[in-house]
Amino acid sequence: MHLGESTRECEYSQISTRSSTPMETPYKKKTPKKRKWETFPGRNRFYCDGRIMMAKQTGVFYLTLVLILVTCGLFFTFDCWFLAEQLTPIIPVIGAVLFLFVIGTLLRTSFSDPGVLPRATPDEAADLERQIDVANGSTGYRPPPRTKEVVINGQTVKLKYCFTCKIFRPPRASHCSLCDNCVERFDHHCPWVGNCVGKRNYRFFYMFILSLSFLTVFIFAFVITHIILNSQRIGFLSALKDSPASVLEVVVCFFSVWSIVGLSGFHTYLISSNQTTNEDIKGSWSSKRSKDNYNPYSYGNIFTNCCAALCGPLPPSLIDRRGFIQSDAPQLAPPTNGLPMYGSTQSQQSHKQVNTVDCHLQAKAAHCDCPHNSGVLLQGVAHHTGRGPEPRTEAESHVRARFGAAAARQIHLKARGGGISSSPWSPLQIILMLGLN
Amino acid sequence: MAETHSLQDFQRPAVSSKVFIQRDYSSGTICKFQTKFPSELESRLDKQQFEETIQTLNNLYAEAEKLGGSSYLEGCLACLTAYTVFLCMETHYEKVLKKIARYIRDQNEKIYAPRGLLLTDPIERGLRVVEITIFEDRNIGSAR
């Protein structure tokens, strides 16, 4: 116990000169802490400090926005006055409500996380690789598509392995090649909204196209009404000359109506049968494939399917865009793992200054064929966070005695509910540790 | 000698290995973890305790994702207020996630930490796995 105490003294004095204490707030640090979105591995764009998330190509989204704003703007400026006078002032009110709803749902669809699955941590990826190698009885040779079969409600579903994200994709998830992310319940990548449509924003997308169909039909109908009523007074051609904007609106609405109403109808069908666009296009659950083929995710009746898709609980974002990057808990050193800070795929990119050291280590590790349990050569170094806290619970002091200070600190900090905050390892630290090892 | 020893202790990691409990998709896409007891934990933990932990977690996630009157009400209210209502209140799912975090903290303090194990909240791993970190047992000797 005494040795353990003196060990703690030495450890803490070493740490305090290099790392930050856990009590320090991010703002007092010299180097500002990075948020996780800044090192996100996918091809997404983030705005407003990570609050807004979109695809890389957003040109078409701006076109959508401009089309809607211009058409509605023209409608409210040129047609509404006439209609309010001649018919009823409720028309512009309804128009305004529809317009606001359309814009709101569009922005919500475009700016939210569609249900991106974070990539596997190196430890997870290594564990999966190990399992796959064991299953295949070979090391080194990578067999073609890795799949796992699972039976869901009586249907056999194949789960594919994603080589980019290093995970077995959950059922209904798919990898979007444009955004380079796996997305849960992937429907499709919509360039018009500038984002993928997946589990978390499908309802907003549906509300958007539904309300846009109503808005388009509404504007189309009332602009035609305006022209007809006007032409009854002053003649058709004069009516057209009187409000040229109306002509533009009619043209835009006419061409939009077919596609948008058609799309709404299609998605209504998809929702009622609880399918994604992806599944429908591939014919995954089509009875044409085989007589026993049915959709295992459907709840059986249209009403429940609709309620589940539109009013079900909204799952949280799994990628924590605005969280601060923190070096994770003590690291393992499986053969494929290099440096200790590779706690998460996000944090690895934030420690760019040690990349060269890391590459060297990985190259070294790649030749090592030892299973990661054997605690060999490159051992990850437990993360230290400065002045250690006093053990608060009996469990902690027990752990400290038996498993070491680092372990106890982990448990204490986890128990406090926070992660471990730290500054990046300095290259000198790494080299020192490697030398000593 | 004592210094070298303490320096080595400082350098030596406490982590022996990690076990990953994968998702169980047999009931569909709901969040559920496999209850199969991993062999690496045999020396440290009771099968019963492990299964109880995972089962409780599964039940909590099922509660978060449950389709029912209250979730529909919440969904409709959110839709009517153009989802601005979530600026002032938490979603049901988020409330249950907090509950899960508390539960995992309790489990770590009471059961897992005394055995040199650490449960990581699945939300930190994108709800893909339950990560259990196994710490080296110094009494037994180092893994080297």
Side-chain angles (χ1 to χ4, degrees), chain A residues 3 6-7 10-11 14 101 104 108 117-118 120-121 123-124 127 150-153 159 167 170-172 185 207 296-297 307-308 310-316 318-319 329-332 372-375 379-382 393 395-396 398-399 402-404 406-407 410-411 414-415 417 433 436-437, chain B residues 2-3 5-18 20 22-23 25-29 40 64-67 71-72 74-76 78-79 82-83 91-94 97 101 105 108-110 113-114 116 118 120 123-129 131 133 135-139 142-144:
Chain A
L3 184 65
S6 63
T7 306
C10 288
E11 282 179 46
Q14 275 229 321
F101 197 77
R108 191 80 203 219
L117 284 167
T121 59
D123 294 328
E124 273 179 68
D127 188 64
V150 69
V151 179
I152 300 174
N153 287 336
L159 302 184
I167 55 170
R172 312 191 94 177
R185 204 190 181 278
M207 289 292 160
Y297 310 110
C307 285
L310 303 174
C311 307
L314 190 64
L318 299 174
I319 55 175
Q331 298 309 303
L332 268 191
H372 72 249
N373 271 348
S374 74
Q379 297 202 357
V381 181
T393 63
E396 256 189 65
H398 175 75
V399 169
R402 207 165 161 211
F403 300 101
Q410 282 306 306
I411 289 157
K414 282 275 180 188
M433 290 167 196
L436 285 166
N437 265 331
Chain B
E3 263 190 53
H5 201 65
S6 65
L7 265 169
Q8 276 189 343
D9 280 340
F10 168 70
Q11 300 302 333
R12 183 171 303 149
V15 179
S16 160
S17 67
K18 290 190 182 184
F20 298 97
Q22 300 287 341
R23 284 270 293 267
Y25 294 114
S26 58
S27 315
T29 52
E40 293 95 328
E65 298 180 9
K66 193 179 64 148
L67 294 170
S71 74
Y72 290 153
E74 192 189 50
C76 288
C79 184
Y83 298 92
T91 64
H92 174 67
Y93 210 116
E94 283 166 356
L97 282 178
R105 212 156 48 226
N108 271 331
E109 280 187 6
K110 291 183 193 150
L118 181 70
T120 303
I123 197 73
E124 292 176 31
R125 297 287 178 264
L127 292 182
R128 288 186 308 265
V129 288
E131 186 180 301
T133 315
F135 290 100
E136 269 176 32
D137 196 344
R138 277 204 194 141
N139 289 355
S142 80
R144 271 203 196 186

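Within every chain, numbering begins at 1; the chains are lettered A, B, ... in the order of the sequence lines, protein sequences first and strands thereafter. Note that the structure is predicted; figures quoted are calculated from it, not measured.
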| message | Between A/Arg185 and B/Thr29, is the side-chain contact (heavy atoms from CB on, under 4.5 Å) condition met? List the steps. | response | CA-CA 9 Å; A/Arg185 204 190 181 278; B/Thr29 52; over 6 Å; no
How many angstroms lie between [atom1] in [X] and [atom2] in [Y], if you round to the nearest 0.5 Å?
X        : Y        : atom1 : atom2 : answer
B/Glu94  : A/Leu314 : CD    : CG    : 8.0 Å
A/Cys311 : B/Tyr72  : SG    : OH    : 7.5 Å
A/Leu310 : B/Cys79  : CG    : SG    : 8.0 Å

Which heavy atom of [X] sits nearest a heavy atom of [Y], and at what distance?
X        : Y        : result
B/Tyr93  : A/Pro313 : CD1-CB, 4.5 Å
B/Glu131 : A/Thr121 : OE1-OG1, 4.5 Å
A/Pro316 : B/Ile123 : CG-CD1, 4.3 Å
B/Leu67  : A/Ala308 : CD1-CB, 3.8 Å

| task | Could you tell me which portion of A/Pro170 (side chain, backbone, both or neither) has an atom closer than 4.5 angstrom to a non-hydrogen atom of chain B? | result |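 Its backbone and side chain both get close to chain B.
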| field | Residue A/Val151 versus chain B: region with a heavy atom under 4.5 Å | value |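 The backbone, not the side chain.
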| query | Who wins among A/Arg172, A/Met207, A/Glu124 for the most heavy-atom pairs under 4.5 Å with chain B? | reply |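 Top count of heavy-atom pairs under 4.5 Å with chain B: A/Glu124.
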| field | Intermediate values then yes/no, side-chain contact (heavy atoms from CB on, under 4.5 Å), B/Phe20 and A/Asp123 | value | CA-CA 9 Å; B/Phe20 298 97; A/Asp123 294 328; 3.6 Å; yes
